[in-house]
Amino acid sequence: MRRAYFKNNWIAALMVTPQLIVVFTFFYFPASQAMYWAFTLEQPWGGGNTWVGLDNFRAILSDDLYWSSVWLSIVFALGSTALAVGMALILAIFVDRQLAGYKAYKIGMIWPYAIAAPAVGLAFRFIFSPGAGIMMFVNQVFPDLWNPVENGTQAMAMVILAGAWKQVAYNFIFFLAGLQSIPRSLIEAGAMDGARTLRRMRDIQLPLLAPTFFFVLVINITDSFTDSFGIIDTMTAGGPSRATNLMVYKIFNDGFQGLDYSGAAAQSIILMGLVIALTFVQFRYIERKVHYT
Amino acid sequence: MAQISIRNVRKSYAKQEVVHGVDLEVATGEFIVILGPSGCGKSTLLRMIAGLESVTSGDITIDNRVVNDLEPHQRGCAMVFQNYALYPHMTVAENIGYALKVAGLPKVDRLARVQAVATSVGLTEFLERRPGQLSGGQRQRVAMARAIIREPKVFLFDEPLSNLDAKLRVQMRHEIRRIHNHIHATSVFVTHDQQEGMTLADRLVVMNKGVIEQVGTPEEIYHRPASVYVGGFIGSPAMNFLSGQISAQDSAVVLANGAKIPLPVPLAAAHDGQFTQIGLRPEELALVPAGKGAFDAAFEFAEELGAARLYHFQFEDLMLTVLSADKPAVEKGKPMGIRIGAGAVHLFAADTGKRLSAKVGSRERELV
Amino acid sequence: MIERTPILNIVTHLILASGLILLLLPMYLTIVAASHTLNDVIAVPPNLLPGDQLWVNLTEAWTKGHLGDRFLNTFIVAFGVMTGKIVMSCITAFGLVFFDHRLKMPIFWLIFITLMLPLEVRIVPTYAVAANALLPFQTLLDLSGITWLISAVSGIEVKMEWNLLNSYAGLIMPLVATATGTFLYRQFFLTIPEELVEAAKMDGAGPLRFLWDVLIPLSRTNIAALATIMFVYAWNQYLWPLLVVTDQSYAMVAVELGRLVPKLSATGGEVPKWHIAMAGTLIVMLPPILVVIFMQRWFVRGLINTDK
């Protein structure tokens, strides 16, 4: 614990006030507002909101469309996370061998971090468009093989690929940093013990990367719940026939298109709960993480 | 058991050479300590023997086989790292037995050998713990055990004791020596701690700035340092240095203020007129009343060491240290005579820093 | 380390090269599409080599998407988010680390929890706040009865309103309202040795002096890292500007991208102008890519420290 402090606490108060105000305005107030809406219903003819208890939640939870969006979000989360984490892990562990060209590989794998979700969405929508480029050619050779505009499964596959592609760079950065924080002497000790490159990856590097791996996994899942909006909106707008209508997109639609604030708020609260739960799981795990000595 | 030869080995990183042509022969079963300040290239040399660094030029042979291009595990070396490098996710038993596991030894044999080695270093109670749950000394033992279990031809130690506190360091030093006496593996031990080096080594290698300054038994190195650098580096408190000119006529070194330090005739004759650095070990000087010694110096202050005291004097513009068990009456600023013991004088050439001996080019004669 | 693994090295290069190709391919196809006419883009078999229309398409995308205006807006917002975040995180973390107070940990947690819920999750209620940024305070006053008290005593009806829709403030403030930077700064301040504080006290420097003369110069790399991350974050914002901006003179680039091609649901048989859309995508991607590549070292370090 620190001992050296400044005494003028009023300066401290002055320092933290701006952030407290902003956080209250744009975070705590909206969150409590969401609570308020979730438990009330706006009267159709005006006259404020009436308390309806858990009715909004009941309505959502008995709505098949809601459950389908939950299910789709899970498919998207698992699909894009598995692809993005798997690919980033393989790339990072081989980049970490630091063979010739190491720096070029590193930059080549980091830059996609900079790209906005809608830009990724647009590029992938073009690449997978049945009416242009490569896929059009494929469709001419094998008629009607590929049409994400009408086939929901294909549309989901397409957004998963785009989502995964966007996430690889981020994961790669963390895996590489994790690998590089493993003390060099452990790898050398492994080499002295007779373990060759692949064996060392399996016995030393991968086990020691476990905390990073878990961290990245959780971040990817939470990000896929929240960050997918830009991709979905530019690529499929939730279609075809709601086949890619993920939770965050449905909230946006119900709230701003359908103007059902109460329903959207209740859905937001469930999503917030989910994200917070995942974050706590992560904290619990990180506390038990391996310490290098 | 193996014999190691290092022949004209150099190491460069990018354009910078850090080891400039090192030659060294290590006999089978010998305990060699490479001693030097940080950045002198001693760890690099050790890591080249281990195969963790490539050799830029020259050859390293183990048992007459050039190992330059062999991978670390093919060389039959085991290494104890400075920070121990224990695998944090494995238990002590798994750490010790990992090399055997990689080698594909059946589990039963492995456990038996882990058990045996753990017993020999006193770790049996800790086999199921992880490194994070051990004290510094225990970790050190695990690192040793991990090396011992492979029954290596060569043991390499990279400053393994520098992370321990002083008391534990002495204890582990004894332990390492005990283990060496027991298994007699050829050992190369790198350290910057001269006491560690002196006590452990069969032979000591003193390195500085990428070259070997001297190789010899600890006794030889202490009594006959080959250069100013070795003289100043080995021995605590450090050697005093004065400069002067050799005069064959006086059979002495004449200091700037005219004081004369007597030399053996043949030595003075061999280097008449040469400018020299005189090395005087504090423990070989004695305090006498002013005018009775080789020269006088003004007393500054003393340090109590318990069994003896360190007396610091001002001589010309230099500080001079004398180690004495006697308790002469001293007073600040008052001169005392300094008597130089027989055989206490080490002469080095002022320009090259190399030791001067009676007959240049042939075997040195003893000074006295 | 001496290790001869020729086969594994080849395999390594193969794996890395194919990974690189997978990551670069979409970019390449985008460039190819952006350098052809629409007819060539939808030709069969597809053109896999760049054409000569790149400059034409880029200029058309630039004018058609009003990218000049959008770039200006986006730069203003990105700059606002960057500075706002850096200044606020710095002083908040300073207040939390170098002073001792009972409320210290509660305040830290109050701010830290906001890390968990990104804007997307709480978009609906946040939007309501943007329509009137003083609504939270009005509600506080209403609930505590102060509004009633004031109107009863003075007859003045307290009505606070500050509409943030279609304004830079509305675009910037909610993006600043998270704890990422605060956390990064706190981590950094915690590594500052106590002796430094003590030395500053001995030298007679007060807290603000210490902040200005010692902490800010020391946190230069921190600032670089945070600036990079925030620039990319703000530049790439999509959902929030989509909602807050209805007056196109405040529109941002990422939202404009979404408009270059009609929504999938509304395509209706007409072929989208892919060549222009891809050219626009390239232009919009460029600034953050450049920033990330040039600031690589700092931004990687910052990213890892914020999230861990």
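Source: prediction; values computed, not measured. In the text below, chain A, chain B and the rest are named by the order of the sequence lines, each starting its count at 1. These numbers come from the heavy atoms of this one structure, side chains and all, not from hydrogens, waters or symmetry mates.
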| Checking B:Ala103 against chain A: side chain, backbone, both or neither under 4.5 Å from a heavy atom? | neither
| said: Is A:Arg196 close to chain B through its backbone or its side chain, or both, or neither, when contacts mean heavy atoms under 4.5 Å? | reply: side chain
| said: Could you report the tightest heavy-atom contact between B:Val102 and A:Gly194, atom names first, then the distance? | reply: CG1-O, 3.1 Å
| field | Which atoms of B:Gln74 approach chain A - backbone, side chain, both or neither, heavy atom under 4.5 Å | value | neither
| Hey, what do you get for OH (B:Tyr98) to CZ (A:Arg199), rounding to the nearest 0.5 Å? | 5.0 Å
| request: Find the distance between NZ (B:Lys101) and CG (A:Asp193) and round it off to the nearest 0.5 Å. | output: 11.5 Å
| Of the non-hydrogen atoms in B:Pro72 and A:Ala191, which two are nearest, and what is the gap between them? | CB-O, 4.0 Å
| query | Can you tell if the side chain of B:Arg146 reaches within under 4.5 Å of the side chain of A:Met192, non-hydrogen atoms only? | reply | no
| Do side-chain atoms of B:Tyr87 reach the backbone of A:Gly190 as a donor and acceptor pair under 3.5 angstrom? | yes
| request: Starting at NE2 of B:His89, measure out to CG of A:Leu206 and round the result to the nearest 0.5 Å. | output: 9.5 Å
| task | Could you look at B:Arg130 and say if it's the side chain, the backbone, both or neither that has a heavy atom under 4.5 Å from chain A? | result | neither
